[in-house]
There are 2 protein chains.
Amino acid sequence: MADVLPEAFLRAVAEGFPSDFLTREPGELQEYGRDWTRVYSPAPSAVAFPRTTDEVARLLALCNQYRVPVVPSGGRTGLAAGAVAPRGELVLSLRRMTRMDPVDLLGNSVRVQAGAVTEAVHHHCAEHGLTWPVDFASKGSSQVGGNIATNAGGVKVIRYGLTRQWVLGLQVVTAQGQVLELNGALEKNNTGADLRQLFIGSEGTLGVITEATLKLAPLPGKQDVFLFAVPDVAAVLRLFREARRAPLLLSAYEFFTDKCLARVQRHRKLRSPFEAPSGCYVLMEAEGKDPSEVESWLGSLFERGLVTDGTLAQGASQASELWALREGISESLSATGLPHKNDVSLPVANLEAFCSELDAVFSERYPGWEIALFGHIGDGNLHINIMKPDDMEKAEFLAHTKKADPTMFELVRKHGGSISAEHGIGLLKKDYLSFSRSPAELEMLRTLKRALDPNNILNPGKILDV
Amino acid sequence: MADVLPEAFLRAVAEGFPSDFLTREPGELQEYGRDWTRVYSPAPSAVAFPRTTDEVARLLALCNQYRVPVVPSGGRTGLAAGAVAPRGELVLSLRRMTRMDPVDLLGNSVRVQAGAVTEAVHHHCAEHGLTWPVDFASKGSSQVGGNIATNAGGVKVIRYGLTRQWVLGLQVVTAQGQVLELNGALEKNNTGADLRQLFIGSEGTLGVITEATLKLAPLPGKQDVFLFAVPDVAAVLRLFREARRAPLLLSAYEFFTDKCLARVQRHRKLRSPFEAPSGCYVLMEAEGKDPSEVESWLGSLFERGLVTDGTLAQGASQASELWALREGISESLSATGLPHKNDVSLPVANLEAFCSELDAVFSERYPGWEIALFGHIGDGNLHINIMKPDDMEKAEFLAHTKKADPTMFELVRKHGGSISAEHGIGLLKKDYLSFSRSPAELEMLRTLKRALDPNNILNPGKILDV
């Protein structure tokens, strides 16, 4: 581990900040030096725990002065190693910055510090009939700042869009330690380029988000949760087309294959939702306008052979049971095996062609391997999990997938897709960025990075090298 | 008029482009040198009419080489002089680039060239039950590229959000003549900073938008249109709070004062919607979930004294009549007098305090003057129109308002507002930008501009000087 912290920097921190501001304790370095990606070894030099924006600003000014590389760090639930510190960086943890202001009931918004946990924000707003509709399985650990810095997606994007749409204002500290207050609590503000947008999704490489004013939505009305069995991916897409034109307001349209279901059943000891096995399953959540209309739409699906089986959850506990089949997948794959994860997206119109060509890639590169497909297919987003064969060594498996990934990414590119729909790039997908961004785009990304962080202290080496 | 076009540049254009590519005809210079802002005199050196992205790219490369300043130009319906060419610039008109691809019914999107007229896009999509929900009075002239470059707002923002939310992909030509294809037709794509967002709302100062893939929404269901009479702005806001919690999906919540109504009635020869006069009016458009629920909600408004009068349009023609009262305001103010326009926004929670303090500013700076207030109050957006007194010269009026504006902008700043909610900055509001953006933000805007357009050829002098 290279220790990159100059003595003078450490003295300045000791003099200017509280005594519990910085830790270099090995256990904490291990803990705060990594996110949920388990491919890189954490090796930070120190971890800082600021309590205020002013502390963040003063710290970054010092880091800039002494050229100390900084890894901004939230709930560390990321899957692309965006919050991993493998090279002696200083981790800047936002975990002490958890303040949540009272909910603004006139503006339907709430200002919080970046370290507020997603689920805590949900609880904070729910008593007022409001929610921040950024929702995914790791909401119990993920933090607001990290959600914004990664433009998090999740299971409700089809109804609410990405995190980007639910941020009214941002407070950001620049690489130079300047504090920007961007857009306040305004819905409309056309006064030059919208700097907020630069920081949303930039994975901490352009600035550190310290506070945010979140836009809130009314809690949704009564949701119906459906589970359907269909033979294959083409049928999943056919049903999607129908569902989008149905008398329903869709809030989730998720799919998974029989392989995923088998892993969830094995890990969580659940019984099968249907008597006959099926190739694919669709979990659909929707707000119906009129129960009898929904009923007759449902009937027509069977009549027209669009589904082979289906169930509508009766009550909240059945709904949770159905959701558990979908939300348990990621955890079950990791608990029962070693998945190599990819998170791609395609234009919805190209999904079918992509999926049928994908099968050819699988048979060529992974003949006979177990592949678990699931995802937010209504947004064009597929999670592709190649499972390590039981009789293969981990190193051989990783080497094999690394070699095979480009074939798949080539297919993604051919169909106008993205090699990272919602996980981000971080360190994990950096080598493949050019499959989704052109040389001109990469050059513009570098230009922006150099302009805003000339000393390259903010999450250096993440997304791309400058 | 300074002619800034070097001979060598003109020769290169003559050699490399069709003979009808460039015009220097005085009538066309006048026409294409201005937008709907009538404060600056148009004085372009030439107007170019490319047909393809390749022509735009080659033209910009030449402009960059010869340091020719360029004003990108769409439907020229802007109100902040963002598309005015007052200093010998080359106007780059997108008017020949009107191609619209077939609607993608799987992806609910459509790719069009930047010169496609907003309303033409609406017609193109409507037959498929879809719409691009960017909607405002000038939609018959405004173009897609201009809408995106100004992040246009309008009357449906409360339901659909700003233009920014309805852009999947952008094709942009940089100052150096490079073509960027940003985001294709993807809903989800977290592969580094989202460059699309930089160009949306940057008023042609960072790049020229040549094509866009627009995200489409289903055409809305049956809309109810209501007109309510209420005594004052406080009552408008009280009613808004109720409406937002009503069993309705709001698509518009617009207000106007008695002064606006009087001007519309005078200009369009319309009769009063209600028997008794009132201080303020609210036009509300909404999709009701259940007619009987809407009925009883409406009744409760009267019972609780929240409105003094009200009407629900019976049928489409009555609905248009009510809408005409609101949509005719801008035109009627200009036709019956000379308005000095401001377009401010406030956090919704601060609107009431702002409006009550605004009265004090009016009595101090404009004692006894006619002031016509209207706007998209559900988004916190107020259009403030100071009408020229009949017995005052135009020059004196303009000088007076220019002196008085900062007092109002100071109040906007105090309440966390924006001096330009949807019109943009252009030339018209440039001197006041610092009321809405901090010195650190202005410096970052300059840094971005210098990084992306080092020779300052793209709409130079608009938004801010570098």
Side-chain angles (χ1 to χ4, degrees), chain A residues 104 106-108 150-151 153 157 161-162 164-165 174 178-182 184-195 197-198 200-202 206 241 289 345-349 379-381 416-425 433 436-438 440-441 444-445 447-448 451-452 463-464, chain B residues 104 106-108 150-151 153 157 161-162 164-165 174 178-182 184-195 197-198 200-202 206 241 289 345-349 379-381 416-425 433 436-438 440-441 444-445 447-448 451-452 463-464:
Chain A
D104 171 356
L106 291 172
N108 278 8
T150 57
N151 188 27
V157 171
L162 295 158
R164 187 182 299 282
Q165 276 187 226
T174 68
Q178 271 195 308
V179 180
L180 300 175
E181 285 285 350
L182 303 173
L186 293 170
E187 282 286 347
K188 291 166 103 173
N189 178 22
N190 276 343
T191 53
D194 186 350
L195 298 176
Q197 310 297 338
L198 261 183
I200 300 173
S202 67
L206 301 178
R241 254 168 273 161
K289 286 178 186 165
S345 76
L346 283 301
V348 175
D379 315 311
N381 187 179
S418 167
I419 61 150
S420 188
E422 53 182 22
H423 292 175
I425 296 297
L433 188 57
S436 284
R437 309 294 292 256
S438 68
E441 282 180 84
M444 189 171 280
L445 289 174
T447 300
L448 290 175
L452 301 190
I463 301 179
L464 78 181
Chain B
D104 171 356
L106 291 172
N108 278 6
T150 58
N151 187 26
V157 171
L162 294 159
R164 185 181 302 280
Q165 276 187 229
T174 68
Q178 271 196 307
V179 180
L180 302 175
E181 286 284 351
L182 302 173
L186 293 170
E187 283 286 346
K188 291 167 103 174
N189 178 22
N190 277 344
T191 53
D194 186 350
L195 298 176
Q197 309 297 340
L198 260 183
I200 300 173
S202 65
L206 301 178
R241 253 166 276 161
K289 286 179 189 167
S345 75
L346 284 300
V348 175
D379 315 311
N381 187 180
S418 167
I419 62 151
S420 189
E422 54 181 21
H423 291 175
I425 297 296
L433 188 56
S436 283
R437 308 294 292 255
S438 68
E441 281 182 85
M444 188 170 283
L445 289 174
T447 300
L448 290 176
L452 300 190
I463 302 179
L464 80 178

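Because the structure is predicted, anything quoted here is derived from the model rather than measured.
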Among [options], single out the residue with the greatest number of heavy-atom pairs under 4.5 Å to chain B.
{"options": "A:Gly416, A:Ala193, A:Ser202", "answer": "A:Ala193"}
{"options": "A:Leu346, A:Leu445, A:Asp104, A:Ile419", "answer": "A:Leu445"}
{"options": "A:Gly424, A:Gly107, A:Gly161, A:Ser420", "answer": "A:Ser420"}
{"options": "A:Glu422, A:His423, A:Arg241", "answer": "A:Glu422"}
{"options": "A:Arg437, A:Glu187, A:Gln178", "answer": "A:Arg437"}

Using non-hydrogen atoms only, which part of B:Ile463 is less than 4.5 Å away from chain A: side chain, backbone, both, or neither?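 The side chain, not the backbone.
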Leading residue by heavy atom contact count with chain A [cutoff under 4.5 Å; candidates [options]]:
{"options": "B:Leu182, B:Leu448, B:Leu452, B:Leu186", "value": "B:Leu186"}
{"options": "B:Leu464, B:Val348, B:Ile425, B:Thr447", "value": "B:Ile425"}
{"options": "B:Ser345, B:Gly380, B:Gly184", "value": "B:Ser345"}
{"options": "B:Ser438, B:Gly153, B:Gly192", "value": "B:Gly192"}
{"options": "B:Gly201, B:Ser436, B:Ala440", "value": "B:Ala440"}

Less than 4.5 Å to any heavy atom of chain B: does that hold for the side chain of [X], its backbone, both, or neither?
{"X": "A:Glu441", "result": "both"}
{"X": "A:Leu198", "result": "both"}
{"X": "A:Leu180", "result": "side chain"}

Can you list everything that forms a side chain to side chain donor-acceptor pair (under 3.5 Å) with A:Asp194? Sequence neighbours excluded, please.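 In terms of side chain to side chain donor-acceptor pair (under 3.5 Å), with neighbours along the sequence ignored, A:Asp194 is linked to A:Arg196, A:Gln197.
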Could you tell me which residues satisfy side chain to side chain donor-acceptor pair (under 3.5 Å) with B:Asn189, sequence neighbours excluded, listed by chain and number?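 With neighbours one apart ignored, the set is A:Ser418, B:Asn183, B:Thr191.
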Closest contact, heavy atoms only, A:Asn190 versus B:Thr150: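 Distance-wise, the nearest heavy atoms are ND2-O, 2.9 Å.
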CG-NZ distance between B:Asn151 and A:Lys188, expressed to the nearest 0.5 angstrom: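 Taking CG in B:Asn151 and NZ in A:Lys188, the distance rounds to 10.0 Å.
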